[in-house]
Novice: 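Following this message is one structure expressed as structure tokens.
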Protein chains: 2
Amino acid sequence: MIKETSSNAVNKAFLLKSCRINGALDIISGRWKALIIIHISENTNRFSLLKIALHSISDQTLGKQIKELEASGLIIKNIIAEVPVKVEYQLTAKGEALLPILSDLSNWSDI
Amino acid sequence: MIKETSSNAVNKAFLLKSCRINGALDIISGRWKALIIIHISENTNRFSLLKIALHSISDQTLGKQIKELEASGLIIKNIIAEVPVKVEYQLTAKGEALLPILSDLSNWSDI
DNA sequence: CAGAATCCCTTGGGATACTG
DNA sequence: CAGTATCCCAAGGGATTCTG
């Protein structure tokens with residue numbers, strides 16, 4: 001058994017960190033995901049509103065990206081039983097927590 | 001001419017911000033880019049060292065990602081005229097500025 | 001209105017081999 | 001050592017059409 005040196009500990013921590021960063025980037029690096037999150041945070045929170053806001057997106061693509069964001073636990077959908085049916089999306093706590101990071105990224109790209 | 005209402009101003013600012021976020025994500029969302037930046041920041045700063053650190057990467061892919069990071073202004077290469085030639089990469093100020101954001105992302109993905 | 005089904009096409013990343 | 005050249009494949013995203 002190899003003794004756990006501090007170097008090993010650092011490497012493990014580093015490895016873990018690396019994995020998490022890639023995971024995080026996987027979650028938000030879809031072509032529209034960051035934008036969708038920002039829009040929802042500003043109450044552009046319905047399918048048709050998002051479609052207008054992201055004017056060059058197709059139904060299909062918007063649907064997919066929304067689904068993936070749901071699966072990642074960043075947004076949840078509220079189905080309001082009216083006729084016609086109405087659906088609103090909102091950010092989860094995790095989704096909210098992403099907002100300041102996106103803001104940092106936006107500022108960073110100005111450097 | 002439409003008068004510049006505060007609503008318009010907000011929309012413009014929002015649009016600008018959106019574009020920047022997508023630009024930022026384009027820059028760092030390559031499969032290996034965040035990892036390469038972190039490794040270089042910890043002095044894993046040569047082609048062969050990076051290849052070892054990212055053990056499942058091919059020469060070709062590593063070369064491409066490095067080139068794109070250079071083109072984005074996140075890293076620069078120092079060619080040291082020895083025989084055989086030696087090349088070291090280092091982060092630019094912009095590259096350095098990305099590190100805390102990547103750290104935030106890493107922490108965020110734990111939520 | 002809010003999507004799902006199907007089909008298609010571009011692109012990112014990988015394998016292998018070669019070079020200054 | 002530090003790459004480049006060529007070729008290839010899977011997958012993400014788009015267009016169109018259809019539905020509860």
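Chain letters run A, B, ... following the sequence lines, proteins first, then strands; residues in each count from 1.
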Novice: From Ser72(B) OG over to Ile27(B) CD1, what is the distance, rounded to the nearest 0.5 angstrom?
Specialist: 4.5 Å

Novice: Please check: side-chain N/O of Gln65(A) versus main-chain N/O of Trp32(A), any donor-acceptor pairing under 3.5 Å?
Specialist: yes

Novice: Sub-3.5 Å donor-acceptor pair from the side chain of Ser106(B) to the main-chain atoms of Leu102(B), do we have one?
Specialist: no

Novice: How far does CD of Glu82(A) sit from NZ of Lys86(A), to the nearest 0.5 angstrom?
Specialist: 5.0 Å

Novice: Excluding sequence neighbours, so at least two apart, what forms side chain to side chain contact (heavy atoms under 4.5 Å, CB included) with Val87(A)?
Specialist: Lys77(A), Ile79(A), Tyr89(A)

Novice: Below 4.5 Å, heavy atoms only, C-beta onward: do Gln90(B) and Ile76(B) meet side chain to side chain?
Specialist: yes

Novice: Leu49(A) and Ile37(A): same hydrophobic cluster, using ILVMFWY side-chain contacts below 4.5 Å?
Specialist: no

Novice: Taking DNA chain D as the partner, which of residues 46-54 of chain B come within under 4.0 angstrom of it by heavy atom?
Specialist: Arg46(B), Phe47(B), Ser48(B)

Novice: For Asp110(A), what residues pass the side chain to side chain donor-acceptor pair (under 3.5 Å) criterion, not counting sequence neighbours?
Specialist: Arg20(B)

Novice: With each end axis built from five pairs of C1' atoms, what bend angle do you get for the helix from dC1(C)-dG20(D) to dG20(C)-dC1(D)? Round to 10°.
Specialist: 50°

Novice: Please tell me if the side chains of Arg31(A) and Ile57(A) come closer than 4.5 Å, counting only heavy atoms from C-beta onward.
Specialist: no

Novice: Taking only residues two or more places apart in sequence, or in another chain, which ones meet Glu68(A) in a salt bridge (charged side-chain N to carboxylate O under 4.0 Å, His left out)?
Specialist: Lys33(A)

Novice: Nucleotides 18-20 of chain C: which of its N/O atoms have a protein N/O under 3.5 Å away?
Specialist:
none

Novice: Just how far, in rounded Å, is P of dC1(C) from CG of Asn45(A)?
Specialist: 15 Å

Novice: After noting the C-alpha distance and the side-chain angles of Leu50(B) and Leu35(B), does the key distance pass the side chain to side chain contact (heavy atoms under 4.5 Å, CB included) rule?
Specialist: CA-CA 10 Å; Leu50(B) 286 168; Leu35(B) 259 50; over 6 Å; no

Novice: Below 4.0 Å from chain B heavy atoms, what is the first contacting nucleotide of DNA chain D and what is the last?
Specialist: dC1(D) to dT6(D)

Novice: Is a donor on one side and an acceptor on the other found under 3.5 Å between the side chain of Ser103(B) and the backbone of Leu99(B)?
Specialist: no

Novice: Atom CG of Leu105(B) and atom CD1 of Ile28(B): how far apart are they, to the nearest 0.5 Å?
Specialist: 6.5 Å

Novice: Identify, residue by residue, the members of residues 21-41 of chain B with a heavy atom below 4.0 Å from DNA chain C, and return them in order of residue number, or none.
Specialist: Gly30(B), Arg31(B), Trp32(B)

Novice: In residues 60-72 of chain B, what residues come within less than 4.0 Å of DNA chain C, judged by heavy atoms?
Specialist: Gln60(B), Thr61(B), Lys64(B), Gln65(B)

Novice: Taking salt bridge (charged side-chain N to carboxylate O under 4.0 Å, His left out) as the definition, give me every residue that meets it alongside Asp59(A), ordered by chain and number, with sequence neighbours left out.
Specialist: Lys51(A)

Novice: Suppose we screen for side chain to side chain contact (heavy atoms under 4.5 Å, CB included). Which residues come up paired with Lys94(B), at least two apart in sequence or across chains?
Specialist: Trp108(A), Ile111(A), Leu74(B), Thr92(B)

Novice: Check side chain to side chain donor-acceptor pair (under 3.5 Å) between Ser58(A) and all other residues, then give those that pass, not counting sequence neighbours.
Specialist: Thr61(A)

Novice: For a 4.5 angstrom cut-off between non-hydrogen side-chain atoms, does Leu62(B) reach Ile36(B)?
Specialist: yes

